[in-house]
Amino acid sequence: MTDIIMEKKTLLGHTEAELKTIAKDLGMPAFTGGQIARWLYVSHVTDIDAMTNLSKANREKLKAEYIIGCTPPVDSQTSADGTVKYLFPTDNGKTVETVFIPDGDRATLCVSCQVGCKMNCLFCQTGKQGFEGNLTVRDILNQVYALPERERLTNIVFMGQGEPMDNLDNVLRATEILTAPYAYAWSPRRITVSSVGIKGKLERFLDESDCHVAISLHTAIPEQREQMMPAEKGMGIREVIRLLENYFPSRNRRRNMEGDDIGSHQRRLTFEYTVFGGVNDTPTHLKELVRLLRPLDCRVNLIRFHQIPDVALHGASESQMETVCDYLNRNGIPATIRASRGQDIFAACGLLNTKYKIGVQKNIHEENQEQ
């Protein structure tokens with residue numbers, strides 16, 4: 001694969017304040033930076049010459065050192081259900097996956113934040129690839145900026161490749177631009193950021209962002225979670241719960257603390273729970289799950305597991321999925337079963353990227369053989 005060589009610096013990924021600094025450094029008035037921000041994030045231009053309210057001289061100054069930084073996907077696959085998986089190139093010459101999921105009048109984009117992942121969860125294809133670097137703010141925003149269906153988006157979830165808290169600075173900067181009045185002006189309630197729970201980083205995110213939070217749980221038993229998710233060693237799920245109690249206390253606890261029921265939080269807390277047949281769906285597991293989550297105002301998203309190579313885990317039956325969902329709801333933990341989408345297009349994170357890498361390596365090998 002040919003690396004992307006950014007000989008010039010990119011404008012995409014900069015905040016309005018940073019663009020004003022860039023303008024001043026190039027000898028332009030500071031307000032020009034605000035104009036550039038609007039051309040980028042409101043008009044989505046792909047060429048500096050399209051910034052028509054900048055003088056020709058200022059456009060030339062800008063072009064001498066900068067490009068927009070919008071790069072289209074290098075591959076895509078479309079599912080029979082309308083889901084589209086894109087493969088985007090990154091600044092370090094790698095690729096990451098982004099999934100567009102249409103659903104009636106709702107359209108969600110699942111974005112990546114890293115190339116590969118350090119977390120190495122047992123059931124995740126991305127973790128099998130190892131870690132190859134953090135995405136830049138430009139890399140993250142380009143998944144939105146260069147998306148063919150961008151205008152249809154209603155929600156964004158940071159649930160693609162990588163652990164958002166492991167690239168926290170760039171994730172926070174990306175969500176700042178997505179929610180800033182001068183840029184996309186999205187409500188933080190349209191954005192959900194997931195995490196396995198990273199010590200220090202999760203608390204910082206909760207303090208510095210108003211976006212929804214999703215925690216990858218998958219079992220309430222710490223010893224089993226450690227076997228499935230090595231990140232449990234760094235910040236155990238019980239420690240995660242204690243932290244979250246400060247931000248998402250149960251309705252009863254809030255009533256006791258404040259004297260009246262203030263209703264549910266605008267910011268939502270969700271736990272992602274992939275159901276593995278015979279592994280985390282037994283009565284013991286479900287009782288522990290209810291016990292663990294009872295102190296919180298939260299919901300559980302039950303996920304069907306679809307087989308990935310070399311992993312000896314199997315999804316639960318549909319009847320068992322419904323049994324788990326009913327049990328949680330009966331015991332005061334709101335739960336839903338996530339609809340499976342795009343299963344015919346390498347739906348699990350990392351599969352299209354792996355397929356693409358294998359294809360590139362094969363082409364390189366064949367070229368070397370010919371030489």
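Predicted model only: the values in this text are computed from it and were never measured.
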Salt-bridge test for R204 and D169: reply yes if a basic N is under 4.0 Å from a carboxylate O, no otherwise.
-> yes

Audit row: Y327, H285, ring pair (Phe, Tyr, Trp, His ring centres under 6.0 Å) steps and yes/no = CA-CA 11 Å; Y327 180 90; H285 287 92; over 10 Å; no

Looking at OH of Y145 and CG of L40, how far apart are the two atoms once the value is rounded to the nearest 0.5 Å?
-> 5.0 Å

Could you tell me whether K118 and E163 make a salt bridge, using a distance below 4.0 angstrom between a side-chain N and a carboxylate O?
-> no

Using the side-chain contact (heavy atoms from CB on, under 4.5 Å) rule, take T175 and W186 through it: C-alpha gap first, then chi angles, then the decisive distance, then the call.
-> CA-CA 9 Å; T175 56; W186 276 38; over 6 Å; no

Search all heavy atoms of H306 against all heavy atoms of S340 and return the closest pair with its distance.
-> NE2-OG, 3.1 Å

State plainly whether the residues E65 and K8 are in salt-bridge range, i.e. N to O under 4.0 Å.
-> no

Have a look at E232 and tell me which of R238, K199, R225 forms a salt bridge (charged side-chain N to carboxylate O under 4.0 Å, His left out) with it.
-> R225

Give a yes or no on whether Y273 and I303 share a hydrophobic cluster (residues Ile, Leu, Val, Met, Phe, Trp, Tyr; joining criterion: side-chain heavy atoms under 4.5 Å apart).
-> no

V84 and S76: which non-hydrogen atoms are nearest, and at how many Å?
-> CG1-CB, 4.4 Å

Begin from the C-alpha positions of Q143 and S112 and carry the test side-chain contact (heavy atoms from CB on, under 4.5 Å) through to its verdict.
-> CA-CA 8 Å; Q143 296 169 73; S112 295; 3.9 Å; yes

Are a donor atom and an acceptor atom from the side chains of Q224 and T219 found within less than 3.5 Å of each other?
-> yes

Looking only at atom types and distance, does a side-chain atom of Q320 sit under 3.5 Å from a main-chain N or O of D281, one as donor and one as acceptor?
-> yes

Looking only at non-hydrogen atoms, find the nearest pair between L313 and Q307 and report the distance.
-> O-OE1, 2.8 Å

Does the T32 side chain pair with the main chain of M28, one donor and one acceptor, at a distance under 3.5 Å?
-> no

If you measure only the distance, is there a donor-acceptor pair under 3.5 Å linking the side chains of S250 and D297?
-> no

Does R59 reach the main-chain N or O of L54 with its side chain, forming a donor-acceptor pair under 3.5 Å?
-> yes

Do the side chain of T21 and the main chain of A17 share a donor and acceptor less than 3.5 angstrom apart?
-> yes

With L11, which of V45, L62, I67 fulfils side-chain contact (heavy atoms from CB on, under 4.5 Å)?
-> L62

Hey, does the side chain of Q161 reach the backbone of E97 with a donor-acceptor pair shorter than 3.5 angstrom?
-> yes

Does the salt bridge (charged side-chain N to carboxylate O under 4.0 Å, His left out) test come out yes or no for E239 and R242, once each step is laid out?
-> CA-CA 5 Å; E239 184 179 357; R242 287 194 296 271; 5.1 Å; no

Examine F88 and F131 and state if one hydrophobic cluster contains both, with Ile, Leu, Val, Met, Phe, Trp and Tyr joined whenever side-chain heavy atoms are less than 4.5 Å apart.
-> no

Donor-acceptor side-chain pairing of H212 and T270 below 3.5 angstrom = no

Does L12 share a hydrophobic cluster with L26, counting links as ILVMFWY side-chain heavy atoms below 4.5 Å and allowing steps through other members?
-> yes

Do we see a donor-acceptor contact under 3.5 Å between the side chains of H44 and Y184?
-> yes

Worked verdict on E18 versus R173 for salt bridge (charged side-chain N to carboxylate O under 4.0 Å, His left out) | CA-CA 11 Å; E18 292 167 339; R173 282 163 54 84; 2.6 Å; yes

Are any of the side-chain heavy atoms of P249 and P295 separated by less than 4.5 Å?
-> no

Treating Ile, Leu, Val, Met, Phe, Trp and Tyr as nodes and any side-chain heavy-atom pair under 4.5 angstrom as an edge, say whether L122 and M229 lie in one connected cluster.
-> yes

Checking H218 side chain against T274 main chain: does a donor-acceptor pair fall under 3.5 Å?
-> yes

Does K63 come within less than 4.0 Å of E60, counting only side-chain N to carboxylate O?
-> yes

Just checking, any donor-acceptor pair under 3.5 angstrom between side chains of D139 and T90?
-> no

Can you see which heavy atom on G197 is nearest to which on M235, and at what distance?
-> O-CB, 3.6 Å

Side-chain (Y66) to main-chain (K9) donor-acceptor, under 3.5 angstrom | no

Heavy atoms, side chains only, cut-off 4.5 Å: are I68 and D47 in contact?
-> no

Chi angles and distances behind the side-chain contact (heavy atoms from CB on, under 4.5 Å) call for L217, E272 = CA-CA 6 Å; L217 177 56; E272 305 292 325; over 6 Å; no

Distance only, no hydrogens: is a donor on one side chain within 3.5 Å (strictly under) of an acceptor on the other, for N167 and N170?
-> yes

Can you check ring pair (Phe, Tyr, Trp, His ring centres under 6.0 Å) on F123 and F276, steps first, answer last?
-> CA-CA 10 Å; F123 46 85; F276 306 107; 5.5 Å; yes

ILVMFWY cluster, L243 and L172 together (side-chain gap under 4.5 Å) = yes

Counting only N and O atoms by type, is there a donor-acceptor contact under 3.5 Å from the side chain of R190 to the main-chain atoms of T154?
-> yes

Verdict with supporting geometry, L153 and T108, side-chain contact (heavy atoms from CB on, under 4.5 Å) | CA-CA 6 Å; L153 288 181; T108 300; over 6 Å; no

Whether D75 side chain and L87 backbone form a donor-acceptor pair below 3.5 Å = no

Inspect the contact between E149 and R152 and indicate whether a charged nitrogen and a carboxylate oxygen are less than 4.0 angstrom apart.
-> no

Between the side chains of N134 and Q114, is a donor N or O closer than 3.5 angstrom to an acceptor N or O?
-> yes

Over all atoms of both residues, closest heavy-atom pair of N120 and G127 | OD1-O, 3.5 Å

Side chains of L302 and T336: closer than 4.5 Å at any heavy-atom pair?
-> no

Rounded to the nearest 0.5 Å, how far apart are OH of Y41 and NE2 of H14?
-> 7.5 Å

Which heavy atom in R304 sits nearest to a heavy atom in A339, and how many Å separate them?
-> NH1-CA, 3.9 Å

